[in-house]
Amino acid sequence: MSDSNKIRVRFAPSPTGGLHIGGMRTVLFNYLFARQHNGIFVLRIEDTDQNRYVPGAEEYIMACLDWCGMHPDEGPHTGGPYGPYRQSERKEIYRQYAEQLVQAGHAYYAFDSTEDLEAMRIRFKTAQNPAPQYDHSLRMKMRNSLTLAPTEVKQLIESGASHVIRIRVPENELVGLQDMIRGGVNFNTSQVDDKVLLKADGMPTYHLAVVVDDYLMKITHAFRGEEWLPSAPVHVLLWKYLGWEDDMPQWAHLPLIMKPDGNGKLSKRDGDRLGFPVYAMDWKDPKTGDLTRGFRELGFLAQAFINMLAMLGWNDGSSQELFTMQELIRKFSIERVHKGGAKFDYEKAKWFNHEWIKRLSPEMLKPDVKKILEIKGIKVDDDALLERIIALVKDRCVLLPEFYDQTKFFFEAPKQLVTEPIRSKWSLEKAAFFVDYCLLIQTPGPWDAAVAESIFKNLAAEKHIKPGELQLPLRIMLVGDKYGPPVFDIASVIGREETVKRIQYGIQAL
RNA sequence: GGCCCGUUGGUCAAGGGGUUAAGACGCCUCUCUUUCACGGAGGAAUCACGAGUUCGAUUCUCGUACGGGCUACCA
């Protein structure tokens, strides 16, 4: 494939806060598509709204992509031949195209103030039309270069009067587009309003910027959320009016991710309300200082997060649900993306993580587990030991932090023993058994789970006590509670001396 | 209100004119394990509705209902 027809996609977030799973899924689909076709994945920062700009959000977005291993081929930090990749730094580019549109009669200057606009909306509001739009039916009633005398317009502009440039949407024309997911979608332009293209501050709106930049950056396939579908005719019109129709990218409007309960698209609030993450990573709002927890910090593996994201609205047609990034790159197809929105299910998300923890080797899990333990003040230097422990417990950890609860007793004796389950059945005979058991295991010789178990069972048989009656007490002495991997494995790992110590302490406590 | 997009169990979903309508999550039962999980075996539960086309519609068409999105000098 030559460079001229190379597939180029872009993820174009606006840096206004945390990156939620919908955004991350858009990145993922872009990334998969690019990699599958050996194309270019561009990151473009859409920071045209100065009011909503949040410092740090761009770095945060980069970090999220980094976590998931989806590195842009071009972008503000990587550079590239079509930069700059921040729209705020491209401000000067947009004006000329807006002016070009005005010259061609496809756009016009509008001088209406916010108050004018508000008054218009109130004045023309009826039961049939509760939200009047600045469109073909109303534009001749407003203050713009269509209604004002050319000399007046010229004078207003020269005097620096605040104004915007609006697209002049034709009346009663059919505008259609082919969507890769939905097929043909048609609109009658009479329903489309004269969207602002260039704002009073000289910044473009999304509508102008997305078209200009997609053209200039040679984007071939444009993926975005379904919420953009209604404004797609504006974009199609712009591609046409700018004379770039042949270069228009193929569109794919992705289904929305919905709230698990009730209705509407998923928002950060739902996560707060229902107790699950919505953002990829922890996000601290620099203004309020509020911390919103992310999937990563709550203990999700990047592999699981990606896998979960991919299955939200896509499948390969088989019943396979577990995919590596490489498999996804190979198997992804935009045609198999669902049309309907999917309700987010946190239980299922956790299931993916659990599956990935089970699937990954102790060695691969080790860095994450080390981090978890270090946070809790446990530093492990013996890698082989740690891997052995991880192998023992990983099947019972759903989220990474659970590795702490599942492994802490390997490193330190339980501080408190939960004795309720065994106290009532505790007896002098059992105490004597454990005293003897300690004596027996202290004699030199090999030490592993099998040894610990056979000594235990032989002694129990000798004393005519059912081994089952003894195992739970042993577990509680070693672990402190009724959970964890097989008890003799634990004894084996912590060693005979520590086992003896804990048993002796346990006998005291009971 | 208008425009646009959707609709297979509670959730994610496969399928697509004739099927016992896959599979997964969750839930329940049993089993393994004298811990907790994992694993294994089962179970309950679905084609929104109405017309039409057809020998036959969950599948095609049209309506309706319902859900969603948009309707900003936000993206």
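In the text below, chain A, chain B and the rest are named by the order of the sequence lines, each starting its count at 1.
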Enquirer: Can a donor-acceptor pair be found between the side chains of A:Asp213 and A:Tyr85 at a distance below 3.5 Å?
Expert: no

Enquirer: Does any nucleotide pair with B:C27 by Watson-Crick or G-U wobble geometry, both distances under 3.5 Å, and what is it?
Expert: B:G43

Enquirer: Of the candidate nucleotides B:C3, B:A37, B:A24, which contains the atom at the shortest distance from the side chain of A:Gln191?
Expert: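 Given the options B:C3, B:A37, B:A24, the side chain of A:Gln191 is closest to B:C3.
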
Enquirer: Going by purine N1 to pyrimidine N3 plus the second Watson-Crick contact, or the G-U wobble pair, all under 3.5 Å, which nucleotide sits opposite B:G9?
Expert: none

Enquirer: Provide the Watson-Crick or G-U wobble partner of B:G63, both distances under 3.5 Å; none if there is no partner.
Expert: B:C49

Enquirer: Heavy atoms from C-beta onward define the side chain here; which of B:A75, B:C5, B:A24 lies closest to that of A:Glu321?
Expert: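 For A:Glu321, the side-chain atoms sit closest to B:A24.
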
Enquirer: Could you tell me whether A:Lys259 and A:Asp270 have a side-chain N and a carboxylate O separated by less than 4.0 Å?
Expert: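 So A:Lys259 pairs with A:Asp270 through a salt bridge.
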
Enquirer: Please evaluate residues A:Tyr346 and A:Trp351 with respect to the criterion ring pair (Phe, Tyr, Trp, His ring centres under 6.0 Å), reporting the C-alpha separation (whole Å), side-chain torsions for both, the decisive distance (0.1 Å), and the verdict.
Expert: CA-CA 9 Å; A:Tyr346 188 49; A:Trp351 175 81; over 10 Å; no

Enquirer: Would you state whether a donor and an acceptor, one from the side chain of A:Lys348 and one from the base of B:A24, lie under 3.5 Å apart?
Expert: yes

Enquirer: Between A:Arg224 and B:G69, does any side-chain N or O lie under 4.0 Å from OP1 or OP2?
Expert: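 Checking A:Arg224 against B:G69: no side-chain N or O falls below 4.0 Å of OP1 or OP2.
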
Enquirer: Go through B:C36, B:A14, B:C74 for me and flag the one nearest to the A:Arg336 side chain.
Expert: B:A14

Enquirer: Determine whether the side chains of A:Asp116 and A:Ser113 contain a donor N or O and an acceptor N or O closer than 3.5 Å.
Expert: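 The answer is yes; a qualifying pair exists.
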
Enquirer: With nearest nucleotides of RNA chain B determined for A:Pro485 and A:Glu46 from heavy-atom distances, which residue corresponds to the more 5′ nucleotide?
Expert: A:Pro485

Enquirer: Salt bridge or not for A:Glu453 and A:Lys457, using N-O below 4.0 Å?
Expert: yes

Enquirer: Counting only Watson-Crick or G-U wobble pairs whose two distances fall under 3.5 Å, which nucleotide matches B:C3?
Expert: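 B:G69 - that is the nucleotide pairing with B:C3, both distances being under 3.5 Å.
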
Enquirer: Does A:Thr126 reach a base, just sugar-phosphate, or nothing at all? Heavy atoms under 4.0 Å.
Expert: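 Nothing, no heavy atom under 4.0 Å.
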
Enquirer: A:Phe187 has a side chain; which of B:C73, B:C3, B:C74 sits nearest to it?
Expert: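 The closest nucleotide is B:C3.
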
Enquirer: What is the base-pairing partner of B:A14, counting Watson-Crick and G-U wobble geometry with both distances under 3.5 Å?
Expert: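 Pairing partner, where one exists within any strand: none, as none qualifies.
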
Enquirer: Among B:U34, B:C4, B:C70, which is the nearest nucleotide to the side chain of A:Lys466?
Expert: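 Comparing B:U34, B:C4, B:C70 against the side chain of A:Lys466, the answer is B:U34.
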
Enquirer: Nearest heavy atom decides the nucleotide; on that basis, is A:Met258 or A:Gln133 closer to the 5' end of RNA chain B?
Expert: A:Met258

Enquirer: With a 3.5 angstrom cut-off on both distances, give the Watson-Crick or G-U wobble partner of B:U58, or none if there isn't one.
Expert: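 Answer to the pairing question: none, since B:U58 forms no Watson-Crick or G-U pair.
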
Enquirer: Between B:U35, B:G23, B:A75, spot the one nearest the side chain of A:Arg475, thanks.
Expert: B:U35

Enquirer: Please tell me if A:His338 has a side-chain N or O lying less than 4.0 Å from either OP1 or OP2 of B:U7.
Expert: no

